[in-house]
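Structure record follows, encoded as structure tokens.
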Number of protein chains: 2
Amino acid sequence: MSKSNREPTTDWREARRRSAREAIVGAAWDLVHEEGLAALSLRDLAGRAGITTPTVYAYFDSKNAIYDAMFGRAATEFADWMTQPQEAAEPTAVLVSHARRFVEFCTSDVARYQLLFQRTIPNFEPSAESYEPAVRALDTARAYLALAEVTQPKHLDLWTALINGLVDQQVSNDPGGERWTRLLEEAVAMFLAHARTAPAVQGPRSKPRDRGARR
Amino acid sequence: MSKSNREPTTDWREARRRSAREAIVGAAWDLVHEEGLAALSLRDLAGRAGITTPTVYAYFDSKNAIYDAMFGRAATEFADWMTQPQEAAEPTAVLVSHARRFVEFCTSDVARYQLLFQRTIPNFEPSAESYEPAVRALDTARAYLALAEVTQPKHLDLWTALINGLVDQQVSNDPGGERWTRLLEEAVAMFLAHARTAPAVQGPRSKPRDRGARR
DNA sequence: GTCTATAGCTGGATAGAC
DNA sequence: GTCTATCCAGCTATAGAC
């Protein structure tokens, strides 16, 4: 950051350093894919990366810093994957495709899903920079929903709950299967039938409705 | 089990033994509520229970056996809570109340939710006996859905995904708040509007539809 | 930057006296 | 059954030579 380019050599070194960091993060993901997210240890990581434990500390301040770098890579993959251009044009098809991408992203790598979307590592919270790409992806969902005439914030929340609920049940109760993910198109249809017909904004009505009709 | 009542003293001892086990499990839950589910250690547990580590092994074979006992207690609480008699009679109201109970159960104790419904403890899987009460609760949901004329198995799956998705988003992204749980009644209405009008069974149609309409 | 060596700690689990 | 004492394995992290 500070004292950036007094010499051009600085860039080489920075590049090599970043490359080495990336290699360590890659080894960390390899290990986690085989042993599970919670089974990451610096010993194993160093062995996998062909270095020793102290060398790891030459690139990362702590174990949580490694988790953060892993989170950052996963978040970037997520944003890239979710913002790829859509083939379909019709809003419903776009939403189905978008949700399908999310499902595939999550179910194809459960450890990545756990790190990104569940808070399962004790004492770890992603830094703001690592988190930023995930926000971008959520903006895409918001835009696609708007194309389908779904604009209320609460409906974006309902959307994320619905799609994420399918994924969560899938990975928790039928890992590797499709018991819940096959319901995705039906779920999107259900959601759109509801959100499209809902009143655009909670108007200045005195009460939402009479209580008898709700219960 | 075997050699049960050769002496009446046996019952006393069994009762005291079970009582001591329950006390340890209670201390384990206290500790987990304060430190987090993954932070359970036998040292801390023994200290909390006023005993020493070896004594814990007089009642449980391993740490996972303690998790299993914790799981069993949580599953029983869950079944008791979810099968309490309903005040409402109208099917929709019953379903809303049932789902509300689920949400309250989960959000009121996140550690319990994690142990029961997410697989976050490595190398731990609940025994069949500990798991049994949870199945009973799911049967209740099935029955309530049937009262609302929702009988297809896939709709039970969609139901669990939807309600659990709300809970998951709530505890993951807005712990202590109500950003997602407040959408529960709307979610139930959305679900019923869909599941009630859906054809009862996937008929012997040749193709779901022409492909152009889908994408 | 990378290594050897190790500190310092915490974990689950056990031996053996009482 | 309960204790004291301890084992042994694993972990993160650091010191210091090169």
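Numbered from 1 within each chain, the chains take letters A, B, ... in sequence-line order.
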Handout entry: Counterpart residues, salt bridge (Lys or Arg N to Asp or Glu O under 4.0 Å), relative to Arg182(B) (two or more places apart)
Key =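 By the salt bridge (Lys or Arg N to Asp or Glu O under 4.0 Å) rule, Arg182(B) matches no residue at all.
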Problem - Those residues that, when tested against Glu129(B), pass salt bridge (Lys or Arg N to Asp or Glu O under 4.0 Å) (two or more places apart) - result: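 Testing Glu129(B) for salt bridge (Lys or Arg N to Asp or Glu O under 4.0 Å), a comparison that skips the adjacent residues, returns none.
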Handout entry: Whole-Å gap separating C1' (dT12(D)) and CZ (Phe124(A))
Key =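 To the nearest whole Å, that distance equals 17 Å.
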Handout entry: Rounded distance (Å) that lies between atom P of dT2(D) and atom CZ of Arg17(B)
Key =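 One finds 9 Å between P of dT2(D) and CZ of Arg17(B), rounded.
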Handout entry: dC3(D) OP1/OP2 closer than 4.0 Å to side-chain N/O of Thr52(B)
Key =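 Checking Thr52(B) against dC3(D): at least one side-chain N or O falls below 4.0 Å of OP1 or OP2.
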Practice task
Measure from the side-chain heavy atoms of Tyr59(B) and tell me the nearest of dG1(C), dC3(D), dT2(D).
Solution key: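 So the nucleotide nearest the side chain must be dT2(D).
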Handout entry: salt_bridge(Arg48(A), Glu34(A)) N-O dist < 4.0 Å
Key =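 Counted as a salt bridge, because a side-chain N and a carboxylate O are separated by less than 4.0 Å.
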Exercise for the section: Remember a base hit wins even if backbone is also touched, and classify Arg16(A) as base, sugar-phosphate or nothing at under 4.0 Å, heavy atoms. Expected result: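 It contacts nothing in the nucleic acid.
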Exercise for the section: Classify every nucleotide of nucleotides 10-18 of chain C by which part a protein heavy atom approaches to under 4.0 Å, writing B for the base, S for the sugar-phosphate alone and - for neither, in 5'-to-3' order. Expected result: -BBBBB---
Handout entry: With sequence neighbours excluded, residues passing side chain to side chain contact (heavy atoms under 4.5 Å, CB included) with Thr120(B)
Key =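 If we apply the side chain to side chain contact (heavy atoms under 4.5 Å, CB included) test to Thr120(B), skipping adjacent residues, the hits are Thr120(A), Leu37(B), Gln114(B).
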Handout entry: Contact list for residues 49-70 of chain B, test salt bridge (charged side-chain N to carboxylate O under 4.0 Å, His left out), sequence neighbours left out
Key =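 For residues 49-70 of chain B, and leaving out neighbouring residues, there are no salt bridge (charged side-chain N to carboxylate O under 4.0 Å, His left out) pairs at all.
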Handout entry: Pairs touching residues 159-179 of chain A that satisfy salt bridge (charged side-chain N to carboxylate O under 4.0 Å, His left out), sequence neighbours left out
Key =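 For residues 159-179 of chain A, and leaving out neighbouring residues, the salt bridge (charged side-chain N to carboxylate O under 4.0 Å, His left out) pairs sorted by first residue read Arg179(A)-Asp157(B).
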